Novice: 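Take this structure first; my questions come after.
In the text below, chain A, chain B and the rest are named by the order of the sequence lines, each starting its count at 1. For clarity, every value in this text was computed on a predicted model and none was experimentally measured.
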2 protein chains.
Amino acid sequence: MNFKFDNNTPIYIQLVEQIKIHIISGHFGVGERLPSVRELAMETKVNPNTMQKALLELEDLKLIYTERTNGKFVTTDTDLILRYKKQYADELSKNFLLSMKSIGYDEKQALEYLKELKGDK
Amino acid sequence: MNFKFDNNTPIYIQLVEQIKIHIISGHFGVGERLPSVRELAMETKVNPNTMQKALLELEDLKLIYTERTNGKFVTTDTDLILRYKKQYADELSKNFLLSMKSIGYDEKQALEYLKELKGDK
DNA sequence: ATTATTGTATTAATCAAATAATACAGCGGG
DNA sequence: CCCGCTGTATTATTTGATTAATACAATAAT
């Protein structure tokens, strides 16, 4: 599950984000059963309560659902997942352009910057 | 100074970031005197101590310097500012590409996505 | 039926960020 | 000289995230 935590945002928020990405990217498949709360907490070296809090939020987002004594599962609503994926890509893109703009690169220049970066490696 | 705080990262970190951007973008000019700690705190509706903490970090970064009883000033080292600007643009760009990759868009697709976004509006 | 595993709930303790209320030291202008 | 403005320092309090240690209820498997 290789998580990298940045110290400046609450862990449970980062957990929500990371698991969301795992679902959006298909790393956690549609309808797939997640590891148990305790397992996930162990893996990520986080307190079970913290993991539970993150999973609760994901359930609010309808990205996962719970079978009370059986486990938690990725939603089977593929459309929903796709919508989240697009929404996420949109956010990333808009934020990128906005941030670049805030330090003086307009959209065209931002694109140029990315292209140069590709060339570099 | 219009700041928008996101609740999930410590305010002083966000202050450092925002002021850094103001300097990088030239909104705070080279060598310009900053508003006093108390003023900045008022403007941003933050406790003076929190602002002070942020300014201390900016001083560690050499982006500002202090005249003890006179005020704080933007560095006059334009090269340094430029280096920070490039570093920041690099970070933004690399992070953008990484994040897009994590949800299944390779570099080419990420670029396409940005271009489409421009077309939309 | 017992056992292990599931999610869930509760309560206390810890830790860091942020606020709050001051106080001090140095300089400059009226 | 003194008042007002700088930055800086100190101490206490509040708030929220996180950890910690349990406990309970429901189900599936043995």
Novice: Under 3.5 Å, which donor-acceptor pairs link side chains of residues 76-85 of chain B to any protein atom two or more places apart or in another chain?
Specialist:
| from | atom 1 | to | atom 2 | distance (Å) |
| --- | --- | --- | --- | --- |
| B:Asp77 | OD1 | B:Asp79 | N | 3.2 |
| B:Asp77 | OD1 | B:Leu80 | N | 3.0 |
| B:Tyr84 | OH | B:Leu61 | O | 3.0 |
| B:Lys85 | NZ | A:Ile103 | O | 3.4 |

Novice: For D:dA17, take OP1 and OP2 only and decide whether either is under 4.0 Å from a side-chain N or O of A:Tyr12.
Specialist: yes
Novice: Are A:Asp90 and A:Lys94 within salt-bridge range, i.e. N to O under 4.0 Å?
Specialist: yes
Novice: Hey, does A:Glu59 reach any base, or is it just sugar-phosphate, or nothing, if we go heavy atoms under 4.0 Å?
Specialist: nothing
Novice: What's the closest nucleotide to the side chain of A:Val46 if the choices are C:dA17, D:dT19, C:dT8?
Specialist: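 Selected nucleotide: D:dT19.
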Novice: Name the closest nucleotide to the A:Asn49 side chain, picking from C:dA20, C:dA18, D:dA20.
Specialist: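 From the listed options, D:dA20 comes nearest.
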Novice: Among residues two or more places apart or on two chains, list those pairs meeting ring-ring contact (aromatic ring centres under 6.0 Å, His included) that have a residue in residues 43-66 of chain A.
Specialist: A:Tyr65-A:Phe73
Novice: What nucleotide among D:dT6, C:dT19, C:dT6 has an atom nearest to a side-chain atom of A:Ser36?
Specialist: C:dT6
Novice: Which of the following nucleotides, D:dT6, C:dT8, D:dT8, is nearest to the side chain of A:Gln52?
Specialist: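 The answer is C:dT8.
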Novice: Please state how far atom CZ in B:Arg38 lies from atom P in C:dT22, giving the value in whole angstrom units.
Specialist: 14 Å
Novice: Check this for me: does any side-chain nitrogen of one of B:Lys72 and B:Glu59 sit under 4.0 Å from a carboxylate oxygen of the other?
Specialist: yes
Novice: Taking only heavy atoms on the protein side, list every residue of residues 63-76 of chain A lying under 4.0 Å from any atom of DNA chain C, sorted numerically.
Specialist: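 Output list: A:Thr66, A:Arg68, A:Thr69, A:Asn70, A:Gly71, A:Lys72.
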